[in-house]
Amino acid sequence: MGIQYTLEIIGTFAFAISGALTVKDREYGDWFAACFTAFLSSIGGGTLRDVLLGSYPLAWIKDINLIYAIMAGIGATFLSYRYLIRLKRTLFLFDTCGIALFTIVGTEKALGMGVRPEIAALMGVFTAVMGGVIRDVMTNEMPIIYRKEVYATACFAGAVLYLVLDYAGAGRNFSFLAAAILIIAIRVAAVRYRWAVPGFFR
Amino acid sequence: MGIQYTLEIIGTFAFAISGALTVKDREYGDWFAACFTAFLSSIGGGTLRDVLLGSYPLAWIKDINLIYAIMAGIGATFLSYRYLIRLKRTLFLFDTCGIALFTIVGTEKALGMGVRPEIAALMGVFTAVMGGVIRDVMTNEMPIIYRKEVYATACFAGAVLYLVLDYAGAGRNFSFLAAAILIIAIRVAAVRYRWAVPGFFR
Amino acid sequence: MGIQYTLEIIGTFAFAISGALTVKDREYGDWFAACFTAFLSSIGGGTLRDVLLGSYPLAWIKDINLIYAIMAGIGATFLSYRYLIRLKRTLFLFDTCGIALFTIVGTEKALGMGVRPEIAALMGVFTAVMGGVIRDVMTNEMPIIYRKEVYATACFAGAVLYLVLDYAGAGRNFSFLAAAILIIAIRVAAVRYRWAVPGFFR
């Protein structure tokens with residue numbers, strides 16, 4: 001519990017920062033928009049997962065620390081966004097670690113509620129990517145998952161690896177780590193080598 | 001159960017095809033987009049209905065065959081989209097039968113949960129049309145129900161007919177068939193004779 | 001109960017009118033669009049609140065009078081929209097009283113379900129503003145809360161005041177009235193003196 005919980009709080013904090021930064025240079029870049037967008041980005045995915053699974057109370061309603069982590073992320077962005085924006089690589093890494101973590105946490109939570117592994121993998125991907133999708137839909141942008149880079153697909157691959165290892169009897173910590181590394185590796189390679197998901201229509 | 005279940009699986013399959021085909025000629029027409037859109041189109045409406053009714057587990061979480069039907073629809077689209085696209089009329093008919101079926105199934109499910117008939121009719125319409133709406137909202141298109149043709153209105157008429165016949169004591173199969181035929185007839189006539197819902201503001 | 005219930009019905013009626021009027025001068029301004037938009041505007045926020053809290057059955061499924069209030073609002077709009085449109089100030093006041101009322105009702109409902117005050121304040125704001133947001137997202141407009149005026153922020157201020165007064169032991173009616181007046185005052189002043197939420201990025 002200890003390590004994973006710490007990671008979740010850090011993930012929420014990091015997603016709040018990347019959420020707040022997305023309203024930069026928009027005409028609606030005010031305090032309210034920054035807070036609302038940070039909020040949507042960091043807990044939208046987990047909220048959708050919990051609503052689809054019927055898992056109440058929702059994570060952020062049960063544990064107020066998630067709200068405080070978001071507020072800390074907003075505060076950090078406000079105080080040091082000039083510095084943060086220059087850290088493009090760091091931010092990308094934060095986001096990548098965030099989706100890796102959220103994918104596996106989401107998959108595990110769904111499994112724990114007794115759903116089939118296929119559904120658990122979907123829920124893991126939703127946890128990781130749907131916060132960004134909700135944020136994009138709200139501001140009339142093409143959702144991140146429809147843009148070319150390998151994004152949700154990396155999460156899906158990690159979720160599947162986790163489930164396979166879990167089924168094969170690998171220890172939980174090993175499965176967790178292996179799946180996270182796979183997601184991060186695919187995502188980093190995709191950006192570096194401009195991988196794209198293959199076209200559906202030939 | 002047998003016939004209706006078979007119809008639901010076929011409806012899900014057909015909606016997945018029409019969903020996957022909508023990403024054709026979009027810049028984001030990759031495998032991921034095709035799968036995600038097929039998924040949203042076919043189960044978005046039923047998911048919204050179940051979430052609004054608090055009916056858990058959701059249909060596609062309880063019955064994995066719905067997921068497999070979607071995957072089959074995606075596979076069929078991939079293998080034969082050149083052929084499918086030429087079948088515009090067939091596809092239109094598939095979609096029309098799909099919304100007719102989903103409207104009545106959704107209305108029945110809501111009734112079975114003890115809600116009032118007015119609410120059941122709304123839930124039937126949501127089941128049929130909200131999958132397409134969610135798909136359109138995600139990709140920044142004007143949702144299908146806001147375009148001119150008679151679409152959701154046909155579903156609503158069918159749901160009302162079903163409820164009236166049910167209330168009048170007609171047998172379930174008769175009510176089902178009559179309502180489905182009404183929806184299909186209105187929709188076909190609307191396209192053929194360019195019917196439009198009357199303007200609200202004179 | 002008596003007075004609050006009456007107010008809720010009136011609020012729903014008023015939100016339905018402002019919802020139906022938003023499709024004026026749109027190319028999709030038909031009967032269906034007017035009804036659907038009125039429906040979304042008036043109960044979208046409360047629905048989201050109830051789904052997030054896991055509070056079933058949803059308000060409008062439990063109490064059919066809310067649906068009838070919406071239908072009455074649609075009918076009133078149809079019969080007298082020429083007149084209503086000229087009443088811009090009256091409509092603005094209706095909307096303002098509506099969000100004030102919905103904010104406090106939503107906050108109270110969440111509190112009554114045992115959530116923390118921070119969450120209750122969020123739920124109050126959601127109740128008031130998310131109906132309009134869902135409506136805007138559906139029709140591909142920038143959601144109202146991202147536009148410059150002080151809107152959701154006014155609701156948030158009112159929710160916080162309500163919670164502070166409640167915590168301090170002020171009577172419920174006094175807290176209700178004080179919070180509503182604060183929301184209305186901020187909103188009116190914001191429009192009159194062109195207040196804007198301060199920019200997040202300096």
Side-chain angles (χ1 to χ4, degrees), chain A residues 44 47-56 58 109-111 113-123 125-126 128-130 132-157 160 186-187 190 194-202, chain B residues 17 19-40 43-44 46-48 50-68 70-71 74-75 77-82 84-85 133-143:
Chain A
T47 299
L48 181 66
R49 176 201 62 213
D50 287 349
V51 166
L52 292 178
L53 290 172
S55 162
Y56 290 104
L58 302 180
K109 175 155 190 185
L111 269 190
M113 291 190 65
V115 303
R116 293 175 61 106
E118 295 94 327
I119 302 294
L122 279 178
M123 291 297 166
V125 178
F126 279 11
V129 308
M130 292 306 279
V133 170
I134 296 169
R135 175 198 65 205
D136 291 340
V137 165
M138 283 276 178
T139 49
N140 283 335
E141 311 226 350
M142 184 56 63
I144 188 167
I145 53 170
Y146 281 114
R147 294 178 220 150
K148 272 275 138 132
E149 305 153 13
V150 180
Y151 193 79
T153 312
C155 298
F156 190 70
V160 169
I186 293 180
R187 181 87 181 107
R194 298 175 185 256
W195 286 356
V197 177
F200 185 75
F201 300 97
R202 290 152 301 174
Chain B
I17 291 178
L21 282 174
T22 55
V23 304
K24 181 97 177 73
D25 302 324
R26 304 284 163 79
E27 32 170 335
Y28 53 84
D30 63 24
W31 262 91
F32 175 78
C35 294
F36 189 65
T37 309
F39 193 82
L40 288 180
I43 58 176
T47 298
L48 182 66
D50 288 349
V51 167
L52 291 178
L53 289 173
S55 163
Y56 291 103
L58 302 181
W60 52 277
I61 291 183
K62 192 160 49 183
D63 179 10
I64 197 77
N65 288 336
L66 292 169
I67 303 284
Y68 292 155
I70 295 171
M71 288 167 65
I74 294 167
T77 310
F78 178 67
L79 292 175
S80 54
Y81 71 92
R82 278 175 220 280
L84 283 168
I85 286 169
V133 170
I134 295 170
R135 175 199 65 206
D136 292 340
V137 165
M138 284 275 178
T139 49
N140 284 335
E141 311 226 352
M142 183 56 62

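Using modelled atom types, no side-chain atom of A/Arg187 and backbone atom of A/Tyr151 make a donor-acceptor pair closer than 3.5 Å.
Proximity to chain A is limited to the side chain of B/Tyr81, based on heavy atoms less than 4.5 angstrom apart. Both the backbone and the side chain of A/Leu53 come within contact range of chain B, with heavy atoms under 4.5 Å apart. Using a 4.5 Å cut-off between heavy atoms, B/Leu48 makes no contact with chain A at all. Interface remark: A/Met113 contributes no atoms to any contact with chain B (heavy atom separation under 4.5 Å).
Put simply, of B/Val137, B/Thr77, B/Ile64, the one with the most heavy-atom pairs under 4.5 Å next to chain A is B/Ile64.
By the salt bridge (charged side-chain N to carboxylate O under 4.0 Å, His left out) test, A/Arg49 is found to be paired with no residue, residues two or more places apart in sequence or in another chain being considered.
Ring planes of B/Phe78 and B/Trp31: tilted class, angle from 30 to 60°.
The neighbour count for A/Phe156 CZ, taken as heavy atoms of other residues, nucleotides or ligands under 6.0 Å away, does not exceed 12.
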Pairs under 3.5 angstrom only: tabulate donor-acceptor contacts from the side chains of residues 54-61 of chain B to other protein residues two or more places apart or in another chain.
residue	atom	partner	partner atom	Å
B/Tyr56	OH	A/Val51	O	2.7
B/Trp60	NE1	B/Thr47	OG1	2.8

